[in-house]
Amino acid sequence: MTESNLLSIAFFIYAASIVPYFLLFFKKTTRLGRPSMLMVLAGLVFHTAALAVRWKLSGHAPMSNMYESLSFFSWALVAAYLIADLFLKISRLGFFVLLCNIAILVYAFSHDKTMKPLMPALQSNWLLLHVSSCFLSYGAFAISFIAAAIYLFPGSKQELTLEKLDAVMYKAILFGFPLLTFGVASGAIWANEAWGRYWSWDPKETWSLVTWLIYALYLHLRLMKAWGGKKLAWVAMTGFLSVIFTYIGVNYLMAGLHSYAR
Amino acid sequence: MAFITFHKNPRARDLFNSLFSVRFTAILLFILILVAILGSFIPQERTFSEYARVYGIRLTEIFYRLHLNTLFTSAGFLLLIFFLSVNILGCFVKSLLAKKRSVGFLTIHLSLILLLAGGMLSAVGRVHGEVDVLEGQTVAAFTSGNRTIPLGFELRLKDFELQKYEGGRQKILILVPGRKEPLEFAFRKKVWTAVPGTDLEFQVEEYVPDFRYDVTRKMAFSVSNEPNNPAILVHVRGKDVNYAEWVFHRYADFHGESDKLLSFRYIWAQEIPKAFISHVEVLENGKKVMERAIEVNKPLSYKGFSIYQATYDSQEGKWSGFDIEKDPGTGVVYASILLIMFGLVQSIYLKPFLKKKKKPDTK
C-alpha cells in the first residue's frame with residue numbers, strides 16, 4: 001500500500017473517532033472510552049505505517065519539508081495523547097485533540113508532498129534526533145494547551161475538574177520540557193557541526209529559546225512560587241502559541257537558516 | 001567578619017535575598033523573553049542602508065541609538081545575562097547550603113551556569129574567518145576581525161566536487177536534418193561537444209535562470225535567481241558555420257522556422273545538489289600530513305581549528321569557500337548540554353518512576 005493510501009486510512013479513522021469522543025465529552029458516557037482509544041490507536045498504526053513507507057522510499061526520515069513535518073507533528077500529537085491518556089485518564093479531552101489533529105492533517109495535505117532528495121545541510125543523523133524530539137515535545141505541549149483552553153474557557157466540563165485540567169497541563173509540560181531541551185540542544189550541536197556555530201540568533205533558534213523560556217517560567221512559577229489557576233493556564237497557552245509561531249510563523253515571516261522548513 | 005557584617009546589614013540582606021530569589025529569576029526570564037522576541041523581529045547586524053530601506057531613516061536611527069540592530073551583543077543584553085548568571089548561581093549556592101534540593105535540580109542549575117559561562121567564553125575567545133581557495137592553492141592564515149590568525153599548518157584545495165542527484169538532470173535535444181529522433185545530450189557548460197552525423201560541434205556558453213533582454217544595451221540578463229524563464233546561450237561552430245543563439249526551456253519554438261542547421265530544445269530540470277565536497281590536503285613544513293574531504297556536516301578539525309564547507313564557485317566549480325573557527329566555549333557548552341539532559345531526565349523521568357517503585361517496600 002502506498003504512503004498516501006495509508007495516511008488517508010489513518011485520516012478517516014481519526015475523523016471517525018471524533019464521533020465517539022464527541023459523545024464522550026458532551027454526553028458524559030463512560031462506555032465509549034476504550035473503543036474510542038482503540039480507534040485512535042488503529043489510526044496511529046496506519047499513520048506509523050505511512051511514515052515508515054515514506055521513510056523507506058525517500059531513504060531519509062520523513063521530516064525534511066512542511067508536509068512531512070506536519071504529518072509527523074500530527075503523529076506526535078496522537079502519540080502524546082495516547083501516552084497521557086494511559087497515565088492521566090484524559091479520554092474526555094480526546095475530542096479536542098482529534099479536532100486539532102484533523103486540522104493539522106488538512107493543513108499538511110495543502111502542501112506539496114513530492115518526495116525530494118535531502119539537501120546537503122540536512123544529511124545528518126541529527127535530523128532525526130533534533131526534529132523528532134522537538135515534535136514530540138510539541139505534541140505534549142499541544143495537550144497542555146487543550147487542557148489550558150478548557151480550563152480558561154469553561155463549557156461542559158463537569159467530568160473534568162479544574163484540578164484535573166491543571167494536573168494535565170502541568171504533567172504534559174513536564175513531559176515535554178526535557179524533549180524540547182534536547183531538541184534545542186541537539187539543534188545547537190548540529191548547527192556547530194554544519195556551520196561552525198552552535199548559536200547564531202537565527203529567528204528559529206531565537207523562537208525555540210523563547211518557547212523554552214516560557215515553559216521554564218511556567219515550571220518556576222508553579223514549583224517555586226506556587227502559582228496555579230487561571231494565571232498559570234495563561235502561561236501554558238502562551239507557551240503553545242510560541243510553539244506554533246516557532247514552527248509555522250517563523251517560516252513565513254522571517255528569513256533565516258531554517259528556510260528549507262517551508 | 002565581612003560575611004557577618006553583611007548579614008547584619010538589613011539593606012544588604014534584602015538586596016542579597018532579592019538578587020538570589022526565584023521572583024527575580026521569573027522577572028529576568030520574562031525580560032529575556034521580551035528581548036529575544038524583539039531581537040527576532042528586528043533583523044540583526046545589517047547595514048544602515050538595509051534598515052533604512054525597510055524601516056525608514058527615523059526608525060533606523062532609533063535602532064542604532066538603542067543598539068537594537070546589535071541587540072544580542074549589546075551591553076544591556078550582556079548585563080541581563082550577567083544578572084541571570086548571578087541569580088542562578090546564587091539560587092544554586094543557597095540550595096546547596098540548605099541541602100534542600102535534589103541532585104537533578106542542582107545538576108540542571110549547575111549546567112545552566114556552565115552554559116552561560118561557555119557562551120561568554122565563546123563571545124570573548126571565538127575566532128572566525130572565511131577563506132576562498134582556488135583548486136591547487138594553499139592557505140595558511142585567515143582574517144578574523146582586524147587580526148590575521150596563522151593556522152600553524154597549510155590547507156591545500158586539491159579539488160572541489162559538486163555532486164548532484166540523478167533524475168533532475170537538464171538535457172539538450174538537437175534535431176539534426178535527416179534524422180527523425182532528436183539527439184540527447186547532458187547539460188554541460190563550456191564543453192565543446194561534437195554533434196554526430198555532422199561536422200558541427202556546440203557548447204553552452206551561458207545559463208540564465210530568469211531571462212530578460214535589455215533592448216537598449218542589447219544584452220541578456222537574469223532578473224532573479226528563480227528559474228522563471230530558464231535559457232541557455234548555445235554556440236555552434238563548424239566549417240563555415242559559427243553562430244550563437246538563445247534557447248528557452250519554456251518557449252521551444254521561439255525561433256519559429258529557422259534557417260539554422262541544428263534545431264535545439266532545452267529541457268530544464270531542478271538541479272538538486274547532493275554534496276559539496278572539497279578534497280583537501282593538510283601540509284606541515286611542506287609535507288603532507290593528512291588528506292581529507294570536507295563536506296557540509298563533516299568539518300575538518302586540526303590543531304584546534306575547525307574548517308567547514310561554506311560556499312563554492314557556482315559558475316565554474318574552480319574554488320571552494322571555507323569557514324574557519326576556533327571556539328574555546330564549545331566544549332563547555334557541550335558539557336553543559338550533557339549535564340542539563342542528565343539533570344532533567346533524572347528529576348523529571350527517573351525520580352518519579354523510582355519513587356513509585358520504592359513505595360511497596362516502604363509499606
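Chain identifiers are assigned alphabetically (A, B, ...) following the order of the sequence lines, protein sequences preceding nucleic acid strands; residue numbering begins at 1 within each chain.
Only the side chain of B:V333 has a heavy atom closer than 4.5 Å to any heavy atom of chain A. Only the side chain of A:L221 has a heavy atom closer than 4.5 Å to any heavy atom of chain B. For A:L127, no part sits under 4.5 Å from any heavy atom of chain B, backbone or side chain. Interface remark: B:A310 contributes no atoms to any contact with chain A (heavy atom separation under 4.5 Å). Neither the backbone nor the side chain of B:I27 comes within contact range of chain A, judged by heavy atoms closer than 4.5 Å. Both the backbone and the side chain of B:I33 come within contact range of chain A, judged by heavy atoms closer than 4.5 Å.
The minimum heavy-atom distance between A:I173 and A:A236, with the atom names listed, is CD1-CB, 3.9 Å.
Looking only at side-chain heavy atoms (C-beta outward), A:L213 and A:L217 stay at 4.5 Å or farther from each other. Using a 4.5 Å cut-off on side-chain heavy atoms (C-beta onward), A:V184 and A:L209 make no contact. With contacts defined as side-chain heavy-atom distances shorter than 4.5 Å, the pair B:L155/B:L300 qualifies. Between B:I81 and B:L32 the shortest side-chain heavy-atom distance falls below 4.5 Å.
Here ring-ring contact (aromatic ring centres under 6.0 Å, His included) pairs that include residues 21-45 of chain B, with residues two or more places apart or in two chains, are A:F245-B:F41.
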Pairs of donor and acceptor atoms, chain A with chain B, under 3.5 Å:
residue, atom, partner, partner atom, Å
A:L118, N, B:Y165, OH, 3.4
A:L118, O, B:Y165, OH, 2.6
A:P120, O, B:N297, ND2, 3.3
A:A121, O, B:N297, ND2, 3.0
A:Q123, O, B:N297, ND2, 3.3
A:Q123, NE2, B:Y165, OH, 3.1
A:Q123, NE2, B:K274, O, 2.8
A:F175, O, B:Y349, OH, 2.6
A:W190, NE1, B:N297, OD1, 2.9
A:N192, O, B:Y308, OH, 3.0
A:N192, ND2, B:Y334, OH, 2.9
A:Y198, OH, B:S122, OG, 2.5
A:W207, NE1, B:S40, OG, 2.8

Worksheet item: Are B:F305 and B:F142 close enough, and set up right, to give a ring-ring contact (aromatic ring centres under 6.0 Å, His included), and what steps lead you there?
Response: CA-CA 11 Å; B:F305 289 100; B:F142 65 99; 5.8 Å; yes

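Between the side chain of A:S71 and the backbone N or O of A:E68 there is no donor-acceptor pair closer than 3.5 Å.
For the atom pair CG (A:L82) and CD1 (A:I143), the distance works out to 8.5 Å, reported to the nearest 0.5 Å.
Ring pair A:F141/A:F240: centre-to-centre distance not below 6.0 Å.
With respect to chain A, the highest number of heavy-atom pairs below 4.5 Å among B:P273, B:G39, B:A275 belongs to B:P273. Ranked by heavy-atom pairs shorter than 4.5 Å toward chain A, the options B:L115, B:I348, B:L29, B:L34 are led by B:I348.
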